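What follows is a short report on a single structure.
In what follows, every heavy atom counts, from backbone to side chain, and hydrogens, waters and symmetry copies are set aside. All figures in this text were calculated on a predicted structure; none of them were measured in a lab.
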Amino acid sequence: MKKTETELLKLLGKRPILVWGARMTGIGFLRFARKHGIKVAGIVDSDPAMEGKRIFGVKVSLPSSIPSFRAAHKDLAVLVAVSIKEDEIITALRKFGVKEDECVRYSGFCGSYFTIDIVGTCNLRCPSCAYTVPGIKNPVGLMSYDDFVKVTDKMMSEVGLVSHVCLYSWGEPFLHPELPRFIERVHSLGVASAVSTNLSIESAEKIEKVIMTAPDYLKISLSGYYPEAYESTHTGGNADLVKSNLYRIKYFLEKHKADIFVEVNYHMYRNNIGEDLKKMRGLCEELGFAFAPCYANVTPVERLVDYCEGKVDEKTRKFFDLLLVGVDKGLEIAGPYNDRRCRFLSNQVNINWDRSVPLCCVCFDMKTATISQDYLKEPLDEINRKKEHHANCVKCLKYAIPPYLLGVNQAAWKKEADRVIS
Ligand code: SF4
Ligand code: SF4
């Protein structure tokens, strides 16, 4: 057993644990807890989309229920399992009277969160996405299973505790014919797996095989219910195919009794916040999937830097008209949160399909953002060291792009979106 696992188990002892964080990091801890017989009293998350959902059979509640958990469980410890916004949560816990020695920061035991982009392409060409940045032509390919085994072996040997592995970054993982095998490999290491998809996937058989392997978290990103809105921002996708696949997933979940947390991530634009939003929310309620609307933003860093420097092509400019929060306004909101220490840099390891390592998950151009040609050939410490003082970060930080991409200060985003709608 690795040292950090031992330390965490010792710290948690036999205490009942309340987990704050219902997304991937929290799910990663739940898999860890199940493996080690840790008693989980409950899960809380501030996102209303999560309320009432069940993860590994444990119900998700809002943080306002913390006092009742504390009253019901003597010796309760609250484990904060998030990849960002940890300090804000600790501050919120203080307000609930949770003392320092009753809090555990899971991040203190998981040095890095891993994202392995097993597919180096996508079947869609969304105008908000890195794949449509003019002038960036990354190589296209799939990670081999052998490479995946080597990469994950190295990952396990270099990091004390791996919470979870995301099998996607920019690419569409369902395009990989061996996706189920990759998921099984992650689970065989005692680690949780996450898959994100556009679900505009033609093969029902492929979907069923993935559901049978039960990735712990399945995120479906879309932007509308009806074809007109959806296909304007998920270019090349098919809205009706996506909807029929949502039903298929529900059917396969029940058929195979698969325990998967399914979340629909709904990108809000000016043209999909009326009937489209209402219908998709209703469909998710019917199917029992979490529904998480979010204001659409623009990626990657390279496109945003170009925009800030006055370089924007006509197609992109036209797409910007659909945003509820324009890029200028979004960057203005982000300004006061522009920490010198970028949170995309501090605790993430991203590995491309060809084993190269990008600076961060929001830079896309492999010509300028690659910091290691081969994850297998360099120690992780050395790779992390190369991230420091990277040229890309200078401009990115200058324009407050990291907090923009993190979507900090959602209240201000909402205020701006409400203003635009009215
Ligand atoms: S579906 Fe996702 S990865 Fe594919 S082009 Fe659209 S935003 Fe990019
Ligand atoms: S500052 Fe920008 S380019 Fe650098 S790691 Fe953060 S998000 Fe990536």
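Checked by atom type, the side-chain pair D216/H187 shows a donor-acceptor distance below 3.5 Å. Neither side chain, R23 nor S83, offers a donor N or O lying under 3.5 Å from an acceptor on the other.
Using a 4.5 Å heavy-atom cutoff, the side chains of L359 and C393 are in contact. For the pair L222/L199, no side-chain contact is recorded, criterion being any heavy-atom separation below 4.5 Å from C-beta on. Residues W413 and N297 have side chains in contact (heavy-atom distance under 4.5 Å, counting atoms from C-beta outward).
Atom OH of Y226 is surrounded by more than 12 heavy atoms from other residues, nucleotides or ligands within 6.0 Å. At most 12 non-hydrogen atoms from other residues, nucleotides or ligands lie less than 6.0 angstrom from CD of E205. Surrounding NZ of K209 are at most 12 heavy atoms belonging to other residues, nucleotides or ligands under 6.0 Å away. Within a 6.0 Å sphere centred on NZ of K395, heavy atoms belonging to other residues, nucleotides or ligands number 12 at most. Atom CD of E275 sits in a crowded spot, with more than 12 heavy atoms from other residues, nucleotides or ligands closer than 6.0 Å. More than 12 heavy-atom neighbours from other residues, nucleotides or ligands sit within 6.0 angstrom of NZ on K386. Shown here is E228, whose CD atom has no more than 12 heavy atoms of other residues, nucleotides or ligands within 6.0 Å.
H256 places no side-chain N or O within donor-acceptor distance of the main-chain N or O of A258, the cut-off being under 3.5 Å. Judged by distance alone, the side chain of Y168 and the main-chain N or O of A194 form no donor-acceptor pair under 3.5 Å. Of the possible donor and acceptor atoms, one in the side chain of K154 sits under 3.5 Å from a partner among the backbone N and O of E378. Although no hydrogens or angles enter the test, the distance criterion places no donor-acceptor pair under 3.5 Å between the side chain of T115 and the main chain of C166. Of the possible donor and acceptor atoms, none in the side chain of N409 sits under 3.5 Å from a partner among the backbone N and O of I333. The backbone N or O of A229 lies less than 3.5 Å from no partner atom in the side chain of N272, so there is not a single donor-acceptor pair. With hydrogens and angles disregarded, a donor-acceptor distance shorter than 3.5 Å links the side chain of D117 to the backbone of S169. Of the possible polar contacts, one joining the E302 side chain to the F364 backbone as a donor-acceptor pair under 3.5 Å is found. The backbone N or O of K99 sits less than 3.5 Å from a side-chain atom of E102, completing a donor-acceptor pair.
Considering N245, V195, L246, N198 in turn, L246 is the only one that fulfils the side chain to side chain contact (heavy atoms under 4.5 Å, CB included) rule with I220.
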For this session: Show your working on side-chain hydrogen bond (donor to acceptor under 3.5 Å, both in side chains) between N352 and Y375 and close with a plain yes or no.
Result: CA-CA 9 Å; N352 292 324; Y375 170 75; over 6 Å; no

For this session: Determine, step by step, whether N347 and S107 satisfy the side-chain hydrogen bond (donor to acceptor under 3.5 Å, both in side chains) criterion, reporting the C-alpha distance in whole Å, the side-chain angles of both residues, the deciding distance to 0.1 Å, and the verdict.
Result: CA-CA 9 Å; N347 60 1; S107 67; over 6 Å; no

For this session: Apply the test side-chain hydrogen bond (donor to acceptor under 3.5 Å, both in side chains) to residues T121 and E172: give CA-CA distance (whole Å), side-chain angles for both, the deciding distance (0.1 Å), then the verdict.
Result: CA-CA 6 Å; T121 189; E172 169 51 60; over 6 Å; no

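Residues L241 and S200 share a closest heavy-atom pair of CD2-C, 3.7 Å. Here the shortest heavy-atom pairing between C361 and F344 reads SG-CD2, 3.7 Å. In terms of heavy-atom proximity, W170 sits nearest to C363 at NE1-O, 3.6 Å. Nearest heavy atom pair, residue S372 against residue T370, reads O-CG2, 3.3 Å. Of all heavy-atom pairs spanning R303 and T299, the tightest one is NE-O, 2.8 Å. What you find for L380 and F114 is that their closest heavy atoms are CD2-CZ, 4.3 Å.
Between Y106 and F32, the ring-plane angle classifies as tilted under the 30° and 60° cut-offs. Below 30°, between 30° and 60°, or above 60°: for F319 and Y269 the angle between ring planes is above 60°, a perpendicular geometry. The aromatic rings of H234 and Y230 sit parallel to each other, their planes meeting at less than 30°, with 60° as the upper class boundary. Below 30°, between 30° and 60°, or above 60°: for F261 and Y217 the angle between ring planes is below 30°, a parallel geometry.
Here the straight-line distance linking atom CD of E158 with atom CG of N384 works out to 9.0 Å at 0.5 Å rounding. One finds the CZ atom of R248 at 12.0 Å from the CD1 atom of I211 (value rounded to the nearest 0.5 Å). A distance of 11.5 Å separates OG in S196 from CE in M24, rounded to the nearest 0.5 Å. Note: H267 NE2 to S223 OG = 7.0 Å, rounded to the nearest 0.5 Å. Rounded to the nearest 0.5 angstrom, I66 CD1 and L76 CG are separated by 9.0 Å. Distance check, rounded to the nearest 0.5 Å: CG of N265 to OG1 of T197 gives 12.0 Å.
With ring centers used as reference points, F29 lies 6.0 Å or more from W20.
Both the sub-6.0 Å distance and the 45° axial angle are satisfied by K243 relative to the ring of Y225. A cation-pi geometry, defined here as NZ or CZ lying under 6.0 Å from the six-membered ring centre and within 45° of its normal, does not hold between R185 and F148.
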